Amino acid sequence: MEKKFYPKKIEEKWYKYWLENKTFSTKPNNNKPFTIVIPPPNVTGHLHMGHALNNILQDIIIRFRKLQGYNTLWVPGTDHGGIATQNIVEKLLKKEEGKTRYDLGREKFLQKVLKWRTKTSGAILDQLKKLGCSLDWDRVAFTMDESRSKAVKKAFIKLFNKGLIYRGKRLVNWCPRCVTALSDIEVEYEYEKSNLWYIKYPIINSKEYIVIATTRPETIFGDTALAVNPKDARYTSLVGKSVKIPLIDREIKIISDSIIDKSFGTGVVKVTPAHDITDNEIARRNKLEIIEIIDTNGKMINVPYIYQGLNVEEARKKVVEDLGVENLLLKIDNYTHSVGKCYRCSIKVEPLMSEQWFLNVRDMSKRAVEATNSEKIFFHPQSWKKPYILWLENLRDWCISRQIWWGHRIPVYYCVDEKGKQTNCKPIAAFDKPKECHYCKSKSFIQDEDVLDTWFSSALWPISVFNWGEDENNKELKHFYPTSVLVTGHEILYLWVARMVQFGIEFMKEIPYNNIFIHGIIRDRHGKKMSKSLGNVVDPLKIMDQYGTDALRFALAQAAAPGRDMQISNTSFLAARNFINKIWNASRFIILNLKEVGKLDNTIIQQPIELSDEWIMTEFINSAAKIKKDYESYNIDNAAREIYDFFWKKYCDWYIELSKIRMISTSLNIKKQVLSILVYILKSILQLMSPVIPFITSEIWQILNKNEKIIVESSLLTVPENFYNESSIEKMNTIKDIIMKIRTLRSEMNIPSTMQTEALFNTLGNNNNNKIEIIRENENYIKQLAKVKSIQFCKNITKPKNSAVIIIGDIEIFLPLEGFIDIVKEKIRLIKEITFINQEIEKITLKLSNENFIKKAPKTEIEKTKIRLNKAKLKVKKINENLNFLK
RNA sequence: AGGCAGUUAGCUCAGGUGGAAGAGCAUUUCUCUUACAAAGAAAAGGUCGCAGGUUCAAAUCCUGCACUGCCUACCA
């Protein structure tokens, strides 16, 4: 323990130790469980700052609860990441072999993905280890392993048999690039500059036109009506009439629907039910025909030959051009609107008609809302509760099928006849291919081609990790479920969190967690979201190498106010690293001194014998209570700040410095006494720090207690409440104030630090024995920290020659500074102080002369103000006296 | 369009229940003082977004506005 900089090597050493000793492996025991399931990162993923933050916060919570004696469990795992993973492997396939997944076929392609995933999935888990995460590595789960697959099938079959899962042709969000349907929340909306095209539709049997405004002229071929608001007087006479669709001359009717906004565009809307959600609803209400004109690859179909096969953009250009030629384009406005994009590939989503599987979530949502309203689930911060409930209440059925290959294949089987043709029998949901159809006795079946939305398996995560799929009455599930808290960013609140609640209630009759801790997003120092395209990504692995894992953890913890985004930059990591180093060095000081006194029974705290002892104990008791409360209420940032403040500003700056007086004592007993307190507080604060900075605290703890349990497995030391002494804080403040004022003076007078001065404490009047008593008792402190060699006490003397003065209440402190005092400087200093105090006096006098203040303010407040005024007045008087003396 | 946050020192942020503006980083000055120069001591730096209101008293409570960010939405 010689080095002045803390050794980073210990991080690897300690994690290895924890792994080898299975420190984080948990079995149900008699203690109260505290459980967290990890938000499983995608197998494709590599650790970014967001992961680091998310997992560090979980780790902090788990580690703290372990210290408190809970039966803690944090379950690790990874997600198969459906579309995202398939996309990556497809790209790789194209690059390496120039092939598409169709060239390989389903089976071979899946083998390829599996092979790839075994290669990569270890990486992210190793990175979690590097972060120090106290996950139970005996329980690594994967959303597509056997047990999780069983859970998915089981859940599907239950829902299917209950009639909640159904198949139907509906308008869905479709990604033409991923060639699959997406759920409503997998679409991200972005603003885009575009145009509003005003198109003339000729009215039948008339020379008139009716003009519509649209952002999608290419979809006119799919129009099956025009719609106006029934209350729109401009058009009432036209409702019921027919118009011709430009370029194809198909006739459609003008209808009315109250959803139409009179003030938008011309107040007339072209209705394209097959490719617009609103239009689809209008069509349903008005029983309109649905004509599909865009296929699953985003190409035009069922349109005149010249447009056939064009993609949407090309078709738009051509249609606009042709409308112009026909003189049916009235005008083009600039227009900015939001367009939906695929959350996986950012390609524009096309709403289109497609046969998909849906899950009816109405009842589940209702019960999820009830659970929140009845306060079974708490949000941290609370502000997320409202949007969460609102979302659940407006939820539409969930499109759960995807037209990709990587994922849980829908466990639905259709029976086929001898010719291999699908029959009309009811499809069957089952774990395995059925033996025989109940209806037609056919023995051959085909399985549904689609796979399930990744989030379907994620929604089962809190129960599937406890092997619900295999046995829903197993001991572990009963013990660890419901889990204690879910820690997540708000970006997957709906995608994942809400659905876990729905499924938890559905399958376990109980919510999956009691608390939802939502943290913010990490931004760069300009407040921008970190993204690859912006090139502002900070790699946590690099930060760990550069500053150490503890520093990374501390910096993130300190910034993680619930629900608030955080800006983080190198200076935060630097500051954190310096703090870690401070801990190391302070511990070195104590350990070096411990060696000198030999063995110290550090389980016994000796009685505080002087002010600083009482003070640090009292401060510690206060801080410890705050830190614990902050950990428990997910205010990790506050806990980190309190730790920093207590340890550095109180323990190091004052207590350790003051302990040196006794440390240089020749009496072993005196040394032992102060060391026992130093060690007790060090050990306790190390414990309280250890959830945030597990490595350095483990190392120091072990040096302090060679034969004891490691800090991770220790129990929090009891706080000696009987040493609490409120008055010590006030007393200590008096001493600190004096020391700081002397230091300031010395600094302003440029007194060399090597020079010790004398100090005269001059008491004014008679009624201040209390304070002077405190100073008398603790004059050592002033000598030690303010570089004062001797202190004299006197009463009502006038200022000695060549000395500077400090006035604190009714005590004057004279520092004789023969040879150092600069009379001019001292004068300027005193005058400056007087002007400052005079301003204060003015303010207070004004306040006290306010009749209403005297009448209405509480008496204590008036008293306080009066005392302040008197003190200020006295100070001015004394400074003036000193000033006169200088003349 | 609606909802929710935020706006305090140059930067990043603290400031339960209203009673004299706080920290870290950066800056300046001194100090390698026997745990720590990745440190210590000190200084400087603020009309608490703007405008009203409630109150004896507002950074804090209320109303409006502005800007920033996020979420939601059937913006044709």
Side-chain angles (χ1 to χ4, degrees), chain A residues 1 4-6 189 191 196 212-216 219 227 259-261 264-272 276-282 335-338 381 383-384 386-388 390-391 394 490-491 493-494 520-521 523 525 527 529 547 551 558-559 561 563-572 574-593 637-638 641 644-645 648-649 652-653 656-657 660 663-664 739-740 743-748 750-754 785-787 840 843-844 847 850-858 860-862 864-865 868:
Chain A
M1 189 135 192
K4 293 178 179 182
F5 300 135
Y6 77 94
Y189 290 88
Y191 276 91
L196 203 52
I212 62 102
T214 181
T215 53
R216 302 208 57 184
T219 62
I259 202 168
I260 309 301
D261 177 358
F264 190 93
T266 60
V268 189
V269 173
K270 62 191 265 318
V271 183
T272 320
D276 184 280
I277 295 167
T278 319
D279 292 5
N280 194 267
E281 280 168 21
I282 296 174
Y335 184 62
T336 303
H337 66 141
S338 71
S383 53
W384 276 104
K386 208 171 131 187
Y388 168 82
L390 214 71
W391 183 79
N394 295 313
H490 53 69
E491 68 275 10
L493 182 63
Y494 307 130
I521 288 169
R523 300 175 177 280
R525 64 173 182 285
K529 205 167 162 174
Y547 300 101
Q558 212 180 6
R564 287 193 54 184
D565 288 356
M566 59 208 86
Q567 293 188 38
I568 207 138
S569 66
N570 278 354
T571 54
S572 353
L574 196 78
R577 183 206 57 181
N578 293 355
F579 179 55
I580 307 297
N581 201 42
K582 187 77 181 176
I583 299 170
W584 179 252
N585 280 307
S587 305
R588 273 182 66 216
F589 170 77
I590 289 160
I591 288 160
L592 290 175
N593 279 290
D637 57 325
N638 284 342
R641 252 192 302 276
Y644 185 98
D645 202 54
W648 201 324
K649 298 295 141 193
C652 291
D653 287 355
I656 286 187
E657 288 309 320
K660 287 176 181 170
M663 219 61 99
I664 53 175
I739 292 169
M740 288 190 287
R743 281 170 172 173
T744 305
L745 185 84
R746 289 179 58 108
S747 172
E748 278 174 3
N750 290 327
I751 314 292
S753 64
T754 45
L785 296 189
K787 314 247 177 208
E840 203 192 340
K843 261 193 250 167
I844 305 173
K847 199 173 180 180
N850 183 346
E851 265 178 53
N852 284 325
F853 176 69
I854 305 295
K855 245 192 277 178
K856 293 185 180 171
T860 48
E861 192 52 41
I862 299 170
K864 253 163 79 185
T865 316
R868 263 176 60 204

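Owing to the predicted nature of the structure, the values given are computational and were not obtained by experimental measurement. Chain letters run A, B, ... following the sequence lines, proteins first and then strands; every chain starts at 1.
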Across the strands shown, which category fits [X] at heavy-atom distances under 4.0 angstrom: base, sugar-phosphate, nothing?
{"X": "A/Ile259", "value": "base"}
{"X": "A/Glu281", "value": "nothing"}
{"X": "A/Gln558", "value": "nothing"}
{"X": "A/Ser338", "value": "base"}
{"X": "A/Asp261", "value": "base"}
{"X": "A/Tyr189", "value": "nothing"}

Under the 3.5 Å rule, do the base of [N] and the side chain of [X] count as making a donor-acceptor pair?
{"X": "A/Lys582", "N": "B/rC36", "result": "yes"}
{"X": "A/Tyr191", "N": "B/rC75", "result": "yes"}
{"X": "A/Ser383", "N": "B/rC4", "result": "no"}
{"X": "A/Arg743", "N": "B/rA41", "result": "no"}
{"X": "A/Arg577", "N": "B/rA38", "result": "yes"}

From [atom1] of [X] over to [atom2] of [N], roughly how many Å is that when rounded to an integer?
{"X": "A/Trp391", "N": "B/rA73", "atom1": "CH2", "atom2": "P", "answer": "9 Å"}
{"X": "A/Leu390", "N": "B/rA73", "atom1": "CG", "atom2": "P", "answer": "10 Å"}
{"X": "A/Glu840", "N": "B/rG19", "atom1": "CD", "atom2": "C1'", "answer": "14 Å"}
{"X": "A/Leu745", "N": "B/rA42", "atom1": "CG", "atom2": "C1'", "answer": "11 Å"}
{"X": "A/Asp565", "N": "B/rG6", "atom1": "CG", "atom2": "C1'", "answer": "10 Å"}
{"X": "A/Ile590", "N": "B/rA35", "atom1": "CD1", "atom2": "P", "answer": "11 Å"}
{"X": "A/Ile521", "N": "B/rC70", "atom1": "CD1", "atom2": "C1'", "answer": "8 Å"}
{"X": "A/Asn581", "N": "B/rA38", "atom1": "CG", "atom2": "C1'", "answer": "5 Å"}

Could you grab the distance from atom [atom1] of [X] to atom [atom2] of [Y], nearest 0.5 Å is fine?
{"X": "A/Lys856", "Y": "A/Ile862", "atom1": "NZ", "atom2": "CD1", "value": "12.5 Å"}
{"X": "A/Ile590", "Y": "A/Asn585", "atom1": "CD1", "atom2": "CG", "value": "11.5 Å"}
{"X": "A/His337", "Y": "A/Tyr335", "atom1": "NE2", "atom2": "OH", "value": "7.0 Å"}
{"X": "A/Thr744", "Y": "A/Ile739", "atom1": "OG1", "atom2": "CD1", "value": "11.5 Å"}
{"X": "A/Asp565", "Y": "A/His490", "atom1": "CG", "atom2": "NE2", "value": "5.0 Å"}

Suppose we define a pair by two distances each less than 3.5 Å, Watson-Crick or G-U wobble; what does [N] pair with here?
{"N": "B/rA21", "answer": "none"}
{"N": "B/rA14", "answer": "none"}
{"N": "B/rA26", "answer": "none"}
{"N": "B/rA35", "answer": "none"}
{"N": "B/rA1", "answer": "B/rU72"}
{"N": "B/rG6", "answer": "B/rC67"}
{"N": "B/rA59", "answer": "none"}
{"N": "B/rA44", "answer": "none"}

With [atom1] as the reference atom in both, quote the distance from [N] to [M] in angstrom, rounded to an integer.
{"N": "B/rG16", "M": "B/rG24", "atom1": "C1'", "answer": "23 Å"}
{"N": "B/rG64", "M": "B/rG22", "atom1": "C1'", "answer": "30 Å"}
{"N": "B/rC36", "M": "B/rA41", "atom1": "P", "answer": "15 Å"}
{"N": "B/rA51", "M": "B/rG15", "atom1": "P", "answer": "25 Å"}
{"N": "B/rC25", "M": "B/rG40", "atom1": "P", "answer": "9 Å"}
{"N": "B/rC70", "M": "B/rC56", "atom1": "C1'", "answer": "41 Å"}

Quiz item: Given that A/Arg641 and A/Ala213 both sit by RNA chain B, which one's nearest nucleotide is further toward the 5' end?
Solution: A/Arg641
Quiz prompt | Which residue lies more 5' along RNA chain B, comparing A/Asn850 with A/Lys864 via nearest heavy atoms | solution = A/Lys864
Please tell me which of the listed nucleotides, [options], lies nearest to the side chain of [X]?
{"X": "A/Arg868", "options": "B/rA20, B/rG19, B/rC13", "answer": "B/rA20"}
{"X": "A/Trp384", "options": "B/rU72, B/rC71, B/rA35", "answer": "B/rC71"}
{"X": "A/Ala561", "options": "B/rC56, B/rA14, B/rA35", "answer": "B/rA14"}
{"X": "A/Phe5", "options": "B/rA38, B/rC75, B/rA43", "answer": "B/rA38"}
{"X": "A/Thr744", "options": "B/rA35, B/rA43, B/rA14", "answer": "B/rA43"}
{"X": "A/Met740", "options": "B/rA14, B/rU12, B/rA42", "answer": "B/rA42"}

Practice problem: Ignoring hydrogens and angles, state whether a donor on the side chain of A/Lys270 or A/Thr219 is under 3.5 Å from an acceptor on the partner side chain. | Solution: yes
Quiz item: Where along nucleotides 23-33 of chain B does protein come under 4.0 Å, by heavy atom, of base (B) or sugar-phosphate alone (S), with - for untouched nucleotides?
Solution: -SS-----S-B
Looking only at non-hydrogen atoms, find the nearest pair between [X] and [Y] and report the distance.
{"X": "A/Tyr6", "Y": "A/Tyr547", "value": "OH-O, 2.7 Å"}
{"X": "A/Ala227", "Y": "A/Val271", "value": "CB-CG2, 3.8 Å"}
{"X": "A/Gln558", "Y": "A/Arg641", "value": "O-NH1, 3.8 Å"}

Practice problem: Over 60° means perpendicular and under 30° means parallel, so classify the ring planes of A/Phe579 and A/Tyr644, tilted if in between. | Solution: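 Answer is tilted, since the angle falls between 30° and 60°.
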Is any side-chain N or O of [X] closer than 4.0 Å to OP1 or OP2 of [N]?
{"X": "A/His490", "N": "B/rC70", "result": "no"}
{"X": "A/Lys386", "N": "B/rC4", "result": "yes"}
{"X": "A/Arg564", "N": "B/rA14", "result": "yes"}

Exercise. Among A/Ile656, A/Leu592, A/Asn593, find the residue that satisfies the side chain to side chain contact (heavy atoms under 4.5 Å, CB included) test when tested with A/Met663.
Key: A/Asn593
Self-check item: Within 6.0 angstrom of A/Lys649 NZ, more than 12 heavy atoms from elsewhere
Solution: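 For A/Lys649, atom NZ is crowded (more than 12 foreign heavy atoms under 6.0 Å).
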